[in-house]
Asker: 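My questions will all concern the structure given below.
Chain letters run A, B, ... following the sequence lines, proteins first and then strands; every chain starts at 1.
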Protein chains: 2
Amino acid sequence: MKHIGSPKLTVAVDCIVFGFDGFNLKLLLIKRALQPQQNKWSLMGGFVNESEGVDEAASRILQTLTGLTGVYLEQLHVFGGVDRDTTERTISVAYFALIDIERYKLQLSHEYAAEWFPVQSTPKLIFDHDQMVEAAKKKLQYKAALHPILFELLPSKFTIPQIQSMYDAIYNVSFDKRNFSRKLLSTGLLIKLNEKDKLGSKKGAFYYTLNKDKYQQNLYKILGLIIAPEHLQLL
Amino acid sequence: MKHIGSPKLTVAVDCIVFGFDGFNLKLLLIKRALQPQQNKWSLMGGFVNESEGVDEAASRILQTLTGLTGVYLEQLHVFGGVDRDTTERTISVAYFALIDIERYKLQLSHEYAAEWFPVQSTPKLIFDHDQMVEAAKKKLQYKAALHPILFELLPSKFTIPQIQSMYDAIYNVSFDKRNFSRKLLSTGLLIKLNEKDKLGSKKGAFYYTLNKDKYQQNLYKILGLIIAPEHLQLL
DNA sequence: ACAAAAGTGTTGTCCTTACACCCATGT
DNA sequence: ACATGGGTGTAAGGACAACACTTTTGT
């Protein structure tokens, strides 16, 4: 192979953003402003420029389309098939993010065409974006079984029943509440507050906050959290 | 944003190939044939063409440089920093693979400039390839703790002590041989043969083969194999 | 007073770990 | 006969799952 000019390709980034509103797991989608496929729903996507890193491009694109800043984005997978984009040959680096819907409610204002959809009932998306979402859901289930990442989805104050409904939603099961709360509290990641949330029940449920120091330390650890690894059927 | 021509970038692929020779975990490297950085050691890399998928490009490049075919390659990560390639702006999709060194010994003949290095003593590699190798080692440790993937590294016949020395090598520890073999056998993935390997000891160790059907079924499962998740300190 | 969800306690089972001995064989 | 690594057995402790009842309060 000689040193001729190397081939150049269009490189895109697409962001899968998950959120939780206290009841349902949701997905952030946007109505495409540009051709082709105008007005169809899609993930937040855009092209990587010559002058920026791929990770930076992802942050920039997410911010441009939704106003969201400071969101932790993680690489998911490269979708590089020849025919994935029907218009021109494009490879796409997919990213995914978890955010607390309430916290970003203001940032995600009506200036933007982005909207939350329950993950069970999303519209048909353009290109191979549905595949990307599927891959992201699997990765979320996989990681959440081992790492306490789902706290990213929660507001700064939350109750244990709220967390459980999130786990229940993500795994489509309902965990035993006694064992669930015991396991959760045993991590030492939660700090009990003296306040109660009275919306979900008559009795009210105590609020907790995240012990942030401990959370940071445990992010890179594996916790065997909540769901028994043997019950997972994913890669 | 208007629909102007989208920016185009050079997209490369780099392959990190792990192997095991019965004693040490090894890494396949190649002496670079082309400018720049000629004659320096590097991963197997090349450019993605307009007409091929990224995954296909990875297979093609690995085959071109080493003769290896039919190797399972898995996406590792995209390295997309602006300055990672000192020559021109290039993004690289890194792949990693596990192979049984003996099995591919013939394919990997002297026509090719690829060589095996013990992972502990690899030469300095070009660009950010050392970072890629680090990331691949972590991923290997991570995945191997949960999935029985390390069998990919083993020849069709192998002994339990051999497997253990592989795990010991990968995690830099020495597991208790009694608990190790019990745990391993409890997976039901191994079939005992009537042959013994007499090279490693006077007594000789029984050979086993992989129960392939069961292995395929379990690949997508999580097994909590060998090392206790709590002891892992990796992401 | 009753319905509805929160919260807490116990027990048995299984899995994991730690540890000690015997076995087969080449020299 | 002895040294070397291979192979097995067991008992104690810890983690997990299954399960039932009391508490609080809005209506």
Side-chain angles (χ1 to χ4, degrees), chain A residues 22-23 145-146 148 154 157-169 171 173-209 218 221-232, chain B residues 22-23 145-146 148 154 157-169 171 173-209 218 221-232:
Chain A
F23 304 97
L146 303 167
L154 291 166
K157 283 192 305 189
F158 47 82
T159 67
I160 296 196
Q162 272 173 26
I163 307 186
Q164 182 171 352
S165 71
M166 181 172 68
Y167 275 90
D168 285 355
Y171 294 106
V173 292
S174 65
F175 295 105
D176 181 287
K177 66 176 173 173
R178 309 174 273 254
N179 295 332
F180 185 91
S181 80
R182 196 192 349 259
K183 218 167 191 173
L184 203 56
L185 291 171
S186 77
T187 62
L189 288 171
L190 300 189
I191 299 166
K192 192 174 190 169
L193 303 180
N194 279 325
E195 249 176 302
K196 277 192 168 187
D197 163 72
K198 313 276 279 192
L199 294 167
S201 69
K202 334 256 175 167
K203 184 177 178 183
F206 277 104
Y207 279 120
Y208 288 80
T209 352
N218 283 275
K221 274 200 191 175
I222 298 188
L223 289 179
L225 214 63
I226 307 304
I227 192 170
E230 291 80 5
H231 299 148
L232 278 179
Chain B
F23 304 96
L146 303 167
L154 292 166
K157 284 193 304 192
F158 47 83
T159 68
I160 296 196
Q162 272 173 27
I163 307 186
Q164 182 172 351
S165 71
M166 181 172 69
Y167 275 89
D168 284 355
Y171 293 105
V173 290
S174 65
F175 294 104
D176 182 288
K177 65 177 174 174
R178 308 174 275 254
N179 295 332
F180 185 91
S181 79
R182 199 194 344 264
K183 218 167 193 174
L184 202 55
L185 291 171
S186 77
T187 61
L189 289 171
L190 300 189
I191 300 167
K192 191 175 190 170
L193 304 180
N194 280 325
E195 250 177 303
K196 277 193 168 186
D197 163 70
K198 311 277 279 191
L199 295 167
S201 69
K202 334 254 176 173
K203 183 176 177 183
F206 278 104
Y207 279 119
Y208 288 80
T209 352
N218 282 273
K221 274 199 191 174
I222 298 187
L223 289 179
L225 213 63
I226 306 305
I227 194 171
E230 291 80 81
H231 299 146
L232 278 179

Asker: Between C:dG9 atom P and A:F180 atom CZ, what is the distance in whole Å?
Answerer: 19 Å
Asker: Tell me, for nucleotides 19-27 of chain C in 5' to 3' order, what letter each nucleotide earns: B for a base near a protein heavy atom under 4.0 Å, S for only sugar-phosphate near one, - for neither?
Answerer: BB--BBBS-
Asker: Output all residues satisfying side chain to side chain donor-acceptor pair (under 3.5 Å) with A:Y207, sequence neighbours left out; order by chain, then residue number.
Answerer: A:D197
Asker: Using side-chain heavy atoms (C-beta onward) and a distance below 4.5 Å, is A:P148 in contact with A:L189?
Answerer: yes
Asker: Quickly work out the B:K192 NZ to D:dG6 P distance and round it to whole Å.
Answerer: 13 Å
Asker: How close or far is atom C1' of D:dG6 from atom OH of B:Y208, stated in whole angstroms?
Answerer: 10 Å
Asker: Can you list the residues that meet the side chain to side chain donor-acceptor pair (under 3.5 Å) rule with A:N179, with sequence neighbours excluded?
Answerer: A:R182
Asker: Rounded off to whole Å, could you give me the CD-to-P distance for the A:Q162 and C:dG7 pair?
Answerer: 11 Å
Asker: When the distance from OH of B:Y207 to P of D:dG6 is rounded to whole Å, what number comes out?
Answerer: 13 Å
Asker: Rounded to whole angstrom units, what separation is found between the CZ atom of B:F23 and the P atom of D:dG5?
Answerer: 12 Å
Asker: Would you kindly compare A:S181 and A:G200 by the position of their nearest DNA chain C nucleotide and give the one closer to the 5′ end?
Answerer: A:G200
Asker: Taking only residues two or more places apart in sequence, or in another chain, which ones meet A:K157 in a side chain to side chain donor-acceptor pair (under 3.5 Å)?
Answerer: A:E195
Asker: Rounded to the nearest Å, what distance is computed from the CG atom of residue B:L199 to the C1' atom of nucleotide D:dG6?
Answerer: 15 Å
Asker: Using the salt bridge (charged side-chain N to carboxylate O under 4.0 Å, His left out) criterion, which residues pair with A:D176? Sequence neighbours excluded.
Answerer: A:R178
Asker: Check side chain to side chain donor-acceptor pair (under 3.5 Å) between A:K203 and all other residues, then give those that pass, not counting sequence neighbours.
Answerer: none
Asker: Taking CD1 from A:I160 and P from C:dA5, how many angstroms apart are they, rounded to a whole number?
Answerer: 17 Å
